[in-house]
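The structure under discussion appears below in the form of structure tokens.
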Amino acid sequence: MSDRSPNLTELSRLIRSAPRKARRRLVALAGAPASGKSTLTEAIVEQLNADGCVAAGVPMDGFHLDNRLLEPRGLLPRKGSPDTFDVGGFARAVTALAQDETAAYPLFDRSLDIAIAGAGWVDADCDTVVIEGNYLLLGQGAWDQLRQHWDISFLLNSPME
């Protein structure tokens, strides 16, 4: 095992060579908050597209439960923890991303602190979807069931600071 991180060309090659389980190849990119998931997802998608593989990035953040649901449950101070996401809705969206010709998904608007339904779209010509989020590889509860969908997965390790 090498301590060297793969470059974008190597990541693209690894992803494109991963056997797919469904219509689309699904890539999971997991990591801690602020570890660079969104930035790396954007770079990987750009590289995949440059290599002739039509790709899109999908963030998990659109599945934050609304504050109106979190507050009465005492979960608002813990917003962002695994139990403050709609994991069932996310799992259904992951299935649609893998199998359906086209798929819509929600996006999270940080300035408004709300998820906006149907704000993202994956076209029929999309071959590979890079999904990024904190809990994609979490081995507990309903999150653990997501692993069956990933054709390939990556975990970003980052220092606590």
Side-chain angles (χ1 to χ4, degrees), residues 8 11 15 18 20-49 53-158:
L8 288 172
L11 282 173
I15 291 167
R20 69 183 72 217
K21 299 174 187 169
R23 180 182 195 283
R24 266 189 206 94
R25 183 181 299 108
L26 296 186
V27 179
L29 180 59
S35 62
K37 296 179 302 296
S38 299
T39 302
L40 183 56
T41 295
E42 187 177 305
I44 290 171
V45 166
E46 185 177 307
Q47 183 67 51
L48 286 166
N49 282 303
C53 175
V54 179
V58 173
M60 184 189 89
D61 283 351
F63 293 88
H64 276 285
L65 290 173
D66 191 271
N67 292 350
R68 291 169 289 189
L69 296 175
L70 298 176
E71 190 167 22
R73 292 169 173 82
L75 293 173
L76 190 54
R78 296 173 28 95
K79 187 170 186 170
S81 64
D83 54 343
T84 65
F85 284 88
D86 175 11
V87 67
F90 181 64
R92 287 186 293 280
V94 167
T95 299
L97 287 166
Q99 298 175 357
D100 294 355
E101 185 174 347
T102 60
Y105 58 91
L107 291 173
F108 190 73
D109 185 316
R110 294 199 184 286
S111 64
L112 298 175
D113 196 30
I114 60 168
I116 301 173
W121 185 261
V122 173
D123 287 320
D125 66 342
C126 182
D127 176 75
T128 299
V129 177
V130 181
I131 302 171
E132 60 97 351
N134 298 347
Y135 307 116
L136 304 181
L137 302 176
L138 185 63
Q140 66 184 43
W143 293 102
D144 191 44
Q145 301 304 308
L146 293 171
R147 291 176 187 257
Q148 66 185 321
H149 296 286
W150 311 138
D151 295 305
I152 189 168
S153 61
F154 301 96
L155 176 63
L156 287 179
N157 290 316
S158 57

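Being a predicted model, the structure only gives us computed values, none of them experimental. All values below come from the heavy atoms of this structure, side chains included, with hydrogens, waters and symmetry mates left out.
- Atom CG of L48 sits about 6.0 Å away from atom OG1 of T128, to the nearest 0.5 Å.
- Judged by distance alone, with hydrogens and angles left aside, the side-chain atoms of D151 form no donor-acceptor pair with the main-chain N or O of V27 at under 3.5 Å.
- With sequence neighbours left out, R24 forms a salt bridge (charged side-chain N to carboxylate O under 4.0 Å, His left out) with no residue at all.
- Closest approach of L136 and W150 over heavy atoms only: O-NE1, 3.1 Å.
- A distance of 5.0 Å separates CG in L97 from CD1 in I131, rounded to the nearest 0.5 Å.
- Between atom CG of residue L156 and atom OG1 of residue T41 there is a gap of 8.0 Å, rounded to the nearest 0.5 Å.
- In this structure, V54 and N49 approach most closely via the heavy-atom pair CA-OD1, 3.3 Å.
- Minimum interatomic distance between N134 and A32 (heavy atoms only, all atoms of both residues): OD1-C, 4.0 Å.
- With rounding to the nearest 0.5 angstrom, the OG1 atom of T39 is 9.0 Å from the CD atom of E132.
- Considering all non-hydrogen atoms of both residues, V45 and G57 come closest at CG2-N, 3.6 Å.
- The closest side-chain heavy-atom distance from L70 to R78 is not below 4.5 Å.
- A heavy-atom distance below 4.5 Å is found between the side chains of L40 and L8.
- Applying the ring-ring contact (aromatic ring centres under 6.0 Å, His included) rule to F154 yields no partners; only residues at least two apart in sequence or on another chain are considered.
- More than 12 heavy atoms of other residues, nucleotides or ligands shown are found within 6.0 angstrom of CZ on R20.
- Counting only residues at least two apart or on different chains, no side chain to side chain donor-acceptor pair (under 3.5 Å) pair has a member in residues 96-106.
- Of all non-hydrogen atoms in A142 and V87, the two that sit nearest each other are CB-CG1, 3.7 Å.
- Contact between A104 and G118 at its shortest, heavy atoms only, is CB-CA, 4.3 Å.
- Within the structure, salt bridge (charged side-chain N to carboxylate O under 4.0 Å, His left out) pairs that include any residue of residues 103-124 comprise D61-R110, K79-D113 (at least two apart or interchain).
- Under the ring-ring contact (aromatic ring centres under 6.0 Å, His included) criterion, H64 pairs with F85, F108, not counting sequence neighbours.
- Considering CG of L65 and CD1 of I114, their distance stands at 14.0 Å, rounded to 0.5 Å.
- R92 pairs by the salt bridge (charged side-chain N to carboxylate O under 4.0 Å, His left out) definition with nothing, not counting sequence neighbours.
- Atom CD in Q140 sits 9.5 Å away from atom OH in Y135 (nearest 0.5 Å).
- Here the rule is side-chain contact (heavy atoms from CB on, under 4.5 Å) with L76, and of L69, T84, N67 only N67 fits it.
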